[in-house]
There are 2 protein chains.
Amino acid sequence: MRLSSLTDYAVVLLSAAARHCGGLARMNATRLAEETGVPLPTAQKLVSRLAAAGLIDSTRGTGGGIRLSRPPATITLADIIEAVEGPIAMTACVDAGHHDCGIAGNCRVKPHWNAVNRAVRGALAGVTLATLAAEAAAPEMMKVEA
Amino acid sequence: MRLSSLTDYAVVLLSAAARHCGGLARMNATRLAEETGVPLPTAQKLVSRLAAAGLIDSTRGTGGGIRLSRPPATITLADIIEAVEGPIAMTACVDAGHHDCGIAGNCRVKPHWNAVNRAVRGALAGVTLATLAAEAAAPEMMKVEA
DNA sequence: GGCAATCGGAACGAATCGGTCTGATTTGAG
DNA sequence: CTCAAATCAGACCGATTCGTTCCGATTGCC
């Protein structure tokens, strides 16, 4: 129940991009890496995936770079996670294409997984990049959940 | 963003246990494995973890077995996930004891992760074992989210 | 006191994830 | 028009984690 560190990096990179003129200015992966501390090769890899998912527009060549393809308020955490890790499927049952579950017919829990899936995805879709890029959080958010 | 297959198995096992006399009758790992299709060694391992987490009471020796330590309605999906996978921490930042994040001070996203964490955990805590063990789901729940 | 059955922990193998390197493509200057 | 610099894009390799399997410790019955 932990999202990969690549996803964490992706959020950091996108937040940094969003903070620069609201993401309208053209950035490149190298500068984003320097600014955030994310290793450059990793940042390049993430840029590729995010571009493939349509979250950012990338332009090659000298003077090229990347840019958010949508306003930060319309990019949700669920979008970012799906772009980096693939579809949000809590169990293999839910993921289309994986029907090799040994339990199969006996599994009486399977019908409930989709509801769980939607609940989690809904929670993630409620967080936008605009929120994540905000400078300071409310004090209550600073408290570490023990 | 997918919970491990062990967690999936744990939910199946606990649901099966809950269905037998509301979990009051004493079951053993072998029978649960036969009934659900979960491999026996895996079921045994899960029983150990669930017992260590206090979700079930286990008794060794001939005629021993396991039993839910609480009513199914008071056991949430979040409890099961934490028992099998450990604390629900979406990022390494949130998990206490892991402070080796290379970004550290520069990371302006970190304050927001706890809020995300609580949102996801809240969604999981809203699903109880009693719900998961119910025989049939509403028709809308059967629809696969493409 | 011996035996059988059960849970509990430790070791092995496999798969996925993260990081690095090299190549293809485009723009700008000369 | 040609060359060169800069950028994104894809392929390879090592490392960590996950899942499985096997063996030992403990308990109750005979």
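Throughout, protein chains are lettered first and strands after them, A, B, ... in sequence-line order, and every chain is numbered starting at 1.
- When each of Leu129(A), Leu3(A), Leu132(A) is checked for a side-chain contact (heavy atoms from CB on, under 4.5 Å) with Leu77(A), only Leu132(A) meets the rule.
- Across the protein-nucleic acid pair, Leu3(A) atom CG and dG18(C) atom P stand 10 Å apart, rounded to whole Å.
- Following rounding to the nearest Å, Arg31(B) (CZ) and dC7(C) (C1') show an atom-to-atom distance of 18 Å.
- The CZ atom of Arg67(B) sits 16 Å away from the C1' atom of dT6(C) (whole-angstrom rounding).
- As judged by a 4.0 angstrom heavy-atom cut-off over every strand, Ala52(A) is placed among residues making no nucleic acid contact.
- Glu82(B) has a carboxylate O that lies under 4.0 Å from a charged side-chain N of Arg121(B), or vice versa, which qualifies the two as a salt bridge.
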Exercise. What is the per-nucleotide protein-contact pattern of nucleotides 19-28 of chain C, from the 5' end, where B denotes a base atom under 4.0 Å from a protein heavy atom, S denotes such proximity for sugar-phosphate atoms only, and - denotes neither?
Worked result: BB---BSBB-
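- If you take CG of Leu50(A) and C1' of dC8(D), they are 13 Å apart, rounded to a whole angstrom.
- Residues Met90(A) and Met1(A) are in side-chain contact: their nearest non-hydrogen atoms beyond the backbone lie under 4.5 Å apart.
- We find that CZ of Arg49(B) is positioned 12 Å from C1' of dG9(C), with the value rounded to whole Å.
- Between Asp8(B) and Ser5(B), the side chains place no donor N or O within less than 3.5 Å of an acceptor N or O (distance only, hydrogens not considered).
- Between Asn117(A) and Trp113(A) there is no side-chain heavy-atom pair separated by less than 4.5 Å.
- Computed from coordinates, the Asn28(A) CG to dA5(D) C1' distance equals 14 Å when rounded to whole Å.
- Between the CE atom of Met27(B) and the P atom of dC7(C) there is a distance of 11 Å, rounded to whole Å.
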Got a list of side-chain donor-acceptor pairs under 3.5 Å for residues 41-56 of chain A, not counting sequence neighbours?
unit_1: Ser48(A); atom_1: OG; unit_2: Gln44(A); atom_2: O; d: 3.1
unit_1: Arg49(A); atom_1: NH1; unit_2: Val84(A); atom_2: O; d: 2.8

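- Spacing between atom CG of Asp8(B) and atom P of dT20(D) amounts to 11 Å, rounded to whole angstrom units.
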